[in-house]
Amino acid sequence: MQDLTRVDEIVGRYADTKTPLIYILKDVQKEYGYLSDVVLTHIAKKVDIPLSEIYGVATFYSLFTIKPKGKYVVRCCNNAPCHVKKSKEVLEAIKSYLGLEVTETTECGTFTLEFTSCLGLCAVAPVMMVNDEVYGNLTPEKAVAILKDYKMKGQSNA
Amino acid sequence: MDKVTVTIDGIQVTVPKGTTVLEAAKQVNIKIPRLCYHPDLPPVSGCRLCVVEIEGDRLLRTSCSWKCQDGMKINTKSQTVRSSRRMALELILSRHPMLCTECVRNNNCELQSIADQLGIRETRFEYSARPGGIDDSSAVLVRDPSKCILCRRCIQTCELVQSVSAIGLEGRGYNVWVDTPFGKGLDDVACVSCGQCINRCPVGALYEQDHVARVWAALDDPTKHVVVQTAPAVRASIGEAFGMSAGSLVTDKMVTGLRMLGFDKVFDTDFTADLTIVEEGTELIGRLTNGGALPMLTSCSPGWINFIEHFYPQLLPHVSSCKSPQQMFGALAKTYYAEKAGIDPKDIYSVSIMPCTAKKYECQRPEMRDSGYQDVDAVLTTRELAKMMKQVGIDLPQLEPGKYDEPLGISTGAAVIFGNTGGVMEAALRTVYELVTKSPLENVEIKQVRGMEGVREAEIDLNGTKVRAAVANGLANARQLMEKIVAGEADYHFVEIMACPGGCIGGGGQPIPTSMEIRKKRVEAIYAADRALEIRKSHENPAIKKLYAEFLGEPNSHKAHELLHTHYTRKTVYKETVA
Ligand code: SF4
Ligand code: SF4
Ligand code: SF4
Ligand code: FES
Ligand code: FES
């Protein structure tokens, strides 16, 4: 069971705010990393807004996530310039190496795979990010090699 | 000035201020295509099928939400309008599987008929499936998001009409769909199974769990004695499913149709509606004289029972312990009737025809087995019965009249008005009046409790004793009353609640479409049925008197309690999730 006392504290912070939901969700996500069913249900009861509505907000804004994310979030750019430079092949290689579809997380919690839109680095397309690091001029082999390093890193300091 | 005059396609029309262009067009006999608009709900203006051109306005406007202004010149059929509607529809169709032949709404689908209306013969866009899989976790409803056109009527209905908010939108943009939180399914949320969302869905994305197949199987089984009961509201609506106008009363034809389907006995839920009144009236008098939680709340609407169990469990002691007429009937069919007819109850298959989807849930409740078996085996909605008849070519409007079987088919005018809001209250008062005052009620029509307003109040004089009554229909209205009771601001003695707008005649299992106009016509049919009956007070029903004499003893007797009364379960709005 997740500890909900911090949720209570956050909800309390916005007691005087007219439309507190977005603020609450933002702070709760920061605190817990993601918005779980237990946490959102608790918020629904506290602020007396139906869960269906809160869930709608939580899935509407891309800054919120309802699933726990892996230690390393791999974001592959899928906009046109990267696409022209065969980002799709890179993505396929990553998918098969990690055994994931886009938006999924590995069972061990090491990797999450996501799309991102243009990162403004089209000059070195195709591009991916792993957490805050950017990698350009990718080939399928290069991408997999990079992820291998992360995997080792993940295991060594697990 | 509270009237405005506009010109629609060259025709002048004067309408009250605030009228939308779509409503005004209806008055000059132009039916503007629409997919998201529903007369019961505020417009969301999402589908853009209803667009029109307004002179001097650069943009096309959605007529479902655009208000008429004096002097406005509206064109509902220009080339721009037509091509824009066509584009909107083609985009919707590009995300629709078009599986009409295997769809529950085949032949009664708004998307289908609009595609026909606009003359769509081919589309320009490739099909791309919507996200979200089938949710059949509920015992009552099935949701198929692949067919959803995102009109949001279900979400609005659940939130605004029923104040339940079980479903909402998930995601955004292209990948948005209707879902329950975390995709856990309707069974996981406090959906009360009212089916009001089904009734407003324009397409086959929402429908009831099918009981037709199991009823056919029972009818085909020679070892089964299959009995059927028909709820009051069905007789006032099933004609619509056969193209008859709203308000057609087809009781006798329906009885014939049921016999043709092969039911061994055709009985009437009205019989146990009368019984409910005697039991519930006696219970009310008991509470008024000996104490007990007041106001007493009615218990015949299973969607309402689900609602109060989830949302106001603290008020459950107020709810009458009487089972609904459907379940009283079920318990008696496999005891009293079985005994009388000399049939082993295990061989009886008990079917009910209901305007209601929540009855499918009710019959499966573990408490509803007082005969030693599941008291009611299957529940068909009005729509499902119409389908069964159509499957074998029974043409209801043409049938000769038939009569209900005895004794469980004998009923009074007080029973038939159970079918609409205010009816249970009126029926109960007719009986309570005579039981308390021991003098005959002169005028049985208690008009103070009639009407279609969401909440109504009345005070009835029982020879000096005043009974304060309230009636609510639709759960958002019921919630208002419950809040008053919780706050200690209500001094009623007796409160009638029906989960559906207009009562059972507006039930979630009734023919589609529904609207206030249609519901009012069904109500008229119900009151006409009451007027046509010789006996109009439940306690005067000779079959009920006989039932007490032969079997139950007296109202609220031990045996009556065993078979006809029940208890309720405290529930929560959200399941306590264990992480
Ligand atoms: S919802 Fe309507 S258009 Fe879609 S498959 Fe069913 S009948 Fe056909
Ligand atoms: S059946 Fe009633 S409560 Fe359940 S989702 Fe539909 S409208 Fe809401
Ligand atoms: S399920 Fe039906 S009512 Fe609900 S949004 Fe989809 S099409 Fe509309
Ligand atoms: S398109 Fe990929 S970085 Fe710009
Ligand atoms: S009916 Fe007006 S926008 Fe859908």
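Each chain gets a letter, A, B and so on, in the order its sequence line appears, and its residues count up from 1.
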With a 4.5 Å heavy-atom cut-off, do A:D37 and B:K184 have their side chains touching?
yes

For A:K26, I'd like to know if atom NZ has over 12 heavy atoms of other residues, nucleotides or ligands within 6.0 Å.
no

Rounded distance [0.5 Å steps], CG in A:L51 versus CD1 in B:I167:
13.0 Å

Check for a donor-acceptor pair, side chain of A:S52 on one end and backbone N or O of B:G168 on the other, with a separation under 3.5 Å.
no

Over 12 foreign heavy atoms within 6.0 Å of NZ, B:K571:
yes

Surrounding OH of A:Y61 (heavy atoms of other residues, nucleotides or ligands, distance under 6.0 Å), is the total greater than 12?
no

What do you reckon, is NZ of A:K86 surrounded by more than 12 foreign heavy atoms closer than 6.0 Å?
no

In terms of heavy-atom contacts, does CZ of B:R130 have more than 12 from other residues, nucleotides or ligands at under 6.0 Å?
yes

Between B:F182 and A:L40, is the side chain to side chain contact (heavy atoms under 4.5 Å, CB included) condition met? List the steps.
CA-CA 10 Å; B:F182 294 91; A:L40 288 191; 3.5 Å; yes

Which portion of B:A190 sits near chain A, non-hydrogen atoms under 4.5 angstrom:
neither

A:I54, part contacting chain B, at a heavy-atom distance under 4.5 Å
neither

Considering all heavy atoms of both residues, which atom of A:I49 and which atom of B:Y574 are nearest to each other, and what is their separation?
O-OH, 3.9 Å

Neighbour count above 12 (heavy atom, 6.0 Å) for A:Y23 OH:
no

Work out which heavy atom in B:L169 is nearest to a heavy atom in A:T59; give both atom names and the distance.
O-OG1, 4.2 Å

